[in-house]
Structure formats: C-alpha cells, structure tokens
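Just follow the structure's listing: the first ligand is 1, and inside any ligand the first atom is 1.
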Amino acid sequence: LIGLTVKKNEDFPTWYSQVLLRTEMLEYYDISGCYIIRPWAYNIWKRIQQFFGPEIEELGVEDCYFPMFIPEKNLTKEKDHIEGFSPEVAWVTRAGQSDLAEPIAVRPTSETVMYPYYASWIRSHRDLPLRLNQWCNVVRWEFKHPQPFLRTREFLWQEGHTAFATKEEADVEVRQILELYRRVYEEVLAVPVVPGRKSEKEKFAGGLYTTTVEGFIPTTGRAIQGATSHCLGQNFSKMFKILMENDEGKRVNIWQNSWGLTTRTIGVMVMVHGDDKGLVLPPRVASIQAIVIPVGITAKTTEAERNALYAKAEEIVATLKKTGVRAKSDNRDNYSPGYKYNHWELRGVPLRLEVGPKDVAKNETRSVRRDNGVAAQLSLATLAEEVPALLQRIQDDMYAKAKAERDSRVVRLESWDKFVETLNNKCLVLAPWCEEVSCEEDVKERSANSAQGDEPVDDKAPSMGAKTLCIPFEQPAGGVKKGAKCFACDRKAVSYTLWGRSY
Ligand SMILES: O=C1CCCN[C@@H]1CCCn1cnc2cc(F)c(Cl)cc2c1=O
Ligand SMILES: [Mg+2]
C-alpha cells in the first residue's frame, strides 16, 4: 500500500479508486458492483448513524426491521409504481438443489414489504402518526457503470416510512427530514448541498412530490443526488388500502412519506475533499482526529531519551482522549517520521502532532493540518482546549472551502445560448424554467453533445445531457421576473431551476 500515483485532476477515476484502496477504506469484490466496506470507511457510516439516529428518535421515529425477501405477488401487486424498475430486481429462485415454487425478490426498497402491515396496524387516527425507520442493505441490479459508494448493486441506507392523518403533517415532516439530510452533508461531512424540489420528470413517480439535497463533484462538474425525502400523498395508502376512521366515522386514506440516505454519502465526501496526497477527512467523521508522532530520534538518541519521547507522546494522547478527541500515537520504531507523515496524510487524518526533544524541552508540540498544511506550535499546557478548537476550525474551513468552490461553479443564465458551453465548463446552471416535462426532455437531448450512451466511460467525456437537479427552495432574490421566459422554450418561466450533468 503506497501513496497515490496519479493526480486527482488528471485521472479522476484512477485517483478515486487508489484513494479508496490504498487508505484501506474499500476492497473490490468478486461480483461487479459489490464492494467490501472496510473499517476506515465503515467508521464514517457509523458517525453518520450516530448523528442521524438520535435526531429522528427526537422526532418520534422508531427503528425496526422488516424481512429482506419479497414474494413476487407482493412486489408486482401494483404494476405502475415499479414499472421501469423491474430490470434491477434481484430474485431468489432456488434453495439448495430445489427450485422455489415462487420466486422471491431481494428488497430494492421496502414499500411493498411494509405497507401491507401498515394497512393492518392502522385502523383509526389514534394509530397515527406511525413513523418507522430501518437501517439495512438493499439490492438493485443496475447495469450502468458501477462506481464504489456512488452506484453499487448492494448498498447500506436508512429508509424511513411514515404515516399521518393529514397532508399538513406529512408536508412538515418531509422538510424536517430533508433538513437533517442537509445537516448530515454540511455539518457532518462538510459537503455543501442544495435543498430543493425535484421536477415532475425527476421525482419518484410513485409519490406526490420529491425533495432532495443535491451535491456537486467539482472535478467532473457533475451533480449528484445526496438523499431524498418524498411525500407519497395518498398514492400508496390507496394501493395498499391503508385507511383510518376519521372523526365523522368515515374511512379515509392516510398520508405518507418515505425518505432515504445511503452509503453514497461516503463516496461524495471522498470526492469533494480528497487531494493529490489522498483522503482528507472532516474531523467529525475521522476515526483518528489527531495522530501524535515522536520525531527527532537519531542514532545519537539514548534509550532513555527515546522512551521519554514515547512517554510524552502517550501523555499527549491521554490528555486529548480526556477531552473527547480521538487521538492515537504512532510509535512504530521501524518507520521514519517522514514515512509516518505520508501514511497518515494518505488516510486523511485531520491533524498531526509532532513531538521531538526540543518540543519536550519547550513543553510544546508542532501541529500540522491535513486540509491546508498549515503548521503551528501548540503549548502542551493548553492542548486540551487548543486541539478541539483547531479541529472545529478545520471542519468549518473544509466546509467553507468546498462551498466557495461549489458556488463558483453555479452559473446563472437567463437564456439558452451559453447553456451547453457552461455545462462543458464543468458548471451547473441556475435558470428560469417553465417546469414542463416536455421541455426537460427537450433540454436533455439538446445538451447531450454526442450520440454516446448516457454514461461516459470515464469522467472525461461528459457526453450525457443535462437534467434538472432540483428547484431550489432558496430562489434568487425576487424570484422569477414578471413575464420572464423559460431559458429553453418560449413558455412563461415559473421558477429558477438548477440544471447539470449528474451521476
Ligand atoms: O427513495 C426512497 C427513500 C426510501 C424509501 N423508498 C423511496 C422510493 C424508492 C424509489 N425506488 C427506487 N428504486 C427502485 C428499484 C426497484 F427495483 C423497485 Cl421494484 C422499486 C424502486 C423504487 O421504488
Ligand atoms: Mg435507481
């Protein structure tokens, strides 16, 4: 496992793969689209769970677990809602040497598993709201080019499925969850996202409306859907006959939401923050936040001096752990400090603390930040306050840097003529739009700058057309001007919409 051999901006696919493999985050597996998530990456998922779990519990959501197998008749009960998805359903057809009487689907999502039971558990409005969540894996046998974390045939996620007596309650919860997703990205992963509503073409067809947080990968200039929170309306409660008795004793359909966040979060964080030295971890998700390295040991160093140095390193670790900092010392005596610097920089550890004889004499340590390389002498006397503050500063600076980069890549256009050129310059476009599906389809065709398939072999040939990413909840000041035209057709514009090529 050595350092990277390519630069992020020269060969992004190889850079991404080398970062994941050489930091021991991930391992390729014998089945295409399936990957091993190793501790260095799994820890990030755990930190996300540790943030999101208590927040939804606070909202009254309860965790549960439903089976991963779906009888064929249940999955195909309502043709329309899974129409278009069926090619990606994985089926169990045999156990041992004998075929199964009925094929069994592996869950791609759990609506058809859970909602028959929602129908039997919900009888009156007193049974509402029902709010369940599960942390699990799902399988979708996609045929598009797989990418670790971003597009995999099995992935981990949480899926929330909630039921309410009124649309108003459902509308409120959709946004509460979306705000939590925004916080997962912006506060935990230091990745900026744009919250908004999906267009009619891009929304979950089985629902009433979809809200989303949209990420952006500057290196490819492509957007990426970060997480979604859908209002399902009464569509599924009609499909699954989930009824409640209202105050007048009438049986009426209930209102539902469903929302999901996946291990794609990890891939987005790697791509946004990583650099040519490797991974750059936001402190909030780093399993090691500070690595302490004894330095200045030479052939002339006596056994006693060396042991004193190691002891000092351990003392610093103990001090940091007491203040809640995840610290470790690297006392391996068969590696040089330089080797150790590279080892931990590759793995993205946010802060390095060097301790040599001179530092000990001055009761100091030399700190070096992974995100911007800035070094500073810290007094050991105030380390317990300085290091947590420094880690918070790194978290904030990483977010600010990523946000400035993202904001610089959003170009506001009022008409078509610079649209494709702006996309080819690896930017997103914010433009006044009519919100018509036919117009979106038209833009997708007109902005595909070659006949190639809809997935470029590598990130260099952005051949695919643009799609709407979201209609940002935060519209430009004043919103669409009176009488303004859609940037792509002659219809009246109704909102400013974010467009781009995406994963
Ligand atoms: O996005 C979420 C959040 C968490 C709960 N689910 C919703 C909707 C999921 C849409 N969707 C997404 N992908 C699917 C793939 C499939 F093979 C089948 Cl059968 C269905 C679907 C499907 O309904
Ligand atoms: Mg899909």
Side-chain angles (χ1 to χ4, degrees), residues 33 52 56 61 63-92 103-116 118 130-147 149-163 170 173-178 180-181 184 197-198 201-214 224-233 235-237 239-240 256-265 267 454-455 467 470 502-503:
F52 189 75
I56 57 172
V61 178
D63 280 348
C64 62
Y65 186 78
F66 281 76
M68 66 183 296
F69 298 116
I70 314 173
E72 182 177 32
K73 63 183 184 330
N74 296 24
L75 189 75
T76 55
K77 182 162 130 61
E78 300 300 325
K79 294 264 172 303
D80 53 349
H81 112 266
I82 71 154
E83 160 254 333
F85 287 125
S86 41
E88 58 193 65
V89 177
W91 295 94
V92 179
I104 289 170
V106 178
R107 75 179 156 223
T109 181
S110 299
E111 283 78 2
T112 57
V113 178
M114 299 169 79
Y115 296 172
Y118 279 36
L130 174 62
R131 311 177 70 183
L132 299 181
N133 175 67
Q134 62 180 13
W135 292 91
C136 64
N137 65 328
V138 285
V139 172
R140 296 176 186 176
W141 218 259
E142 308 227 17
F143 286 92
K144 279 186 182 177
H145 185 68
Q147 281 219 314
F149 294 115
L150 301 191
R151 184 182 292 120
T152 57
R153 285 178 160 167
E154 176 185 13
F155 56 86
L156 306 180
W157 74 347
Q158 55 66 222
E159 50 178 320
H161 295 268
T162 54
E173 193 216 47
V174 166
R175 296 296 298 272
Q176 286 175 322
I177 298 298
L178 194 76
L180 289 180
Y181 288 156
V184 165
R197 180 167 53 84
K198 281 287 186 187
K201 175 177 164 48
E202 286 301 316
K203 76 172 197 183
F204 169 35
L208 182 60
Y209 63 84
T210 292
T211 66
T212 178
V213 285
E214 292 292 316
I224 185 159
Q225 181 174 293
T228 49
S229 179
H230 313 281
C231 176
L232 306 178
N235 299 2
F236 280 88
S237 69
M239 250 192 255
F240 289 89
Q256 287 173 275
N257 294 336
S258 78
W259 25 273
L261 171 89
T262 77
T263 36
R264 163 177 283 194
T265 45
D454 77 354
E455 193 66 19
K467 58 168 73 167
C470 72
S502 85
Y503 285 88

Asks: Could you list which atoms of ligand 1 come closer than 4.0 Å to a heavy atom of His161?
Replies: 5 (C)
Asks: Under 3.5 Å between any N/O of His230 and any N/O of ligand 1: does that happen in this structure?
Replies: yes
Asks: What protein heavy atom sits nearest atom 13 (N) of ligand 1, and how far off is it?
Replies: Arg140 CZ, 3.3 Å
Asks: May I ask you to identify the nearest protein heavy atom to atom 6 (N) of ligand 1, giving residue, atom name and distance to one decimal place in Å?
Replies: Glu111 OE2, 2.7 Å
Asks: Check ligand 1 against Ile82 and write out every atom of the ligand that is under 4.0 Å from a heavy-atom position of the residue.
Replies: 19 (Cl)
Asks: How far is atom 9 (C) of ligand 1 from its nearest protein heavy atom, and which residue and atom is that?
Replies: Thr109 OG1, 4.0 Å
Asks: Under 6.0 Å between ring centres, would you say that holds for Phe52 and Tyr181?
Replies: yes
Asks: Against heavy atoms of Trp157, which atoms of ligand 1 measure under 4.0 Å?
Replies: 4 (C), 5 (C)
Asks: Could you go through Thr109 and Glu111, starting from their C-alpha distance and side-chain angles, then the distance that decides it, and tell me whether this counts as side-chain hydrogen bond (donor to acceptor under 3.5 Å, both in side chains)?
Replies: CA-CA 6 Å; Thr109 181; Glu111 283 78 2; 2.7 Å; yes
Asks: Take the angle between the ring planes of Tyr118 and Phe66 and call it parallel below 30°, perpendicular above 60°, tilted in between.
Replies: tilted
Asks: In terms of atom number and element, which parts of ligand 1 are under 4.0 angstrom from non-hydrogen atoms of Thr228?
Replies: 1 (O)
Asks: Distance-only, no hydrogens or angles: does the Arg107 side chain make a donor-acceptor pair with backbone N or O of Asn137 under 3.5 Å?
Replies: yes
Asks: Taking Glu142's backbone N and O only, do any of them form a donor-acceptor pair with Glu88's side chain (distance below 3.5 Å, no angle check)?
Replies: no
Asks: Should you measure from each heavy atom of Val89, which atoms of ligand 1 turn up under 4.0 Å away?
Replies: 17 (F), 19 (Cl)
Asks: I'd like to know if the side chain of Thr210 reaches the main chain of Phe204, judged simply by a donor and an acceptor atom lying under 3.5 Å from each other, with no hydrogens or angles considered.
Replies: yes
Asks: For ligand 1, indicate whether the residue Phe85 contacts it via side chain, backbone, both or neither (heavy-atom separation under 4.0 Å).
Replies: both
Asks: Apply side-chain contact (heavy atoms from CB on, under 4.5 Å) to Tyr115 and His161, showing your working.
Replies: CA-CA 9 Å; Tyr115 296 172; His161 295 268; 2.7 Å; yes
Asks: Where does Trp259 meet ligand 1, judged by heavy-atom distances below 4.0 Å: at the side chain, the backbone, both, or neither?
Replies: backbone
Asks: Taking the six-membered ring of Tyr503, is NZ or CZ of Lys144 closer than 6.0 Å to its centre and within 45° of its axis?
Replies: no
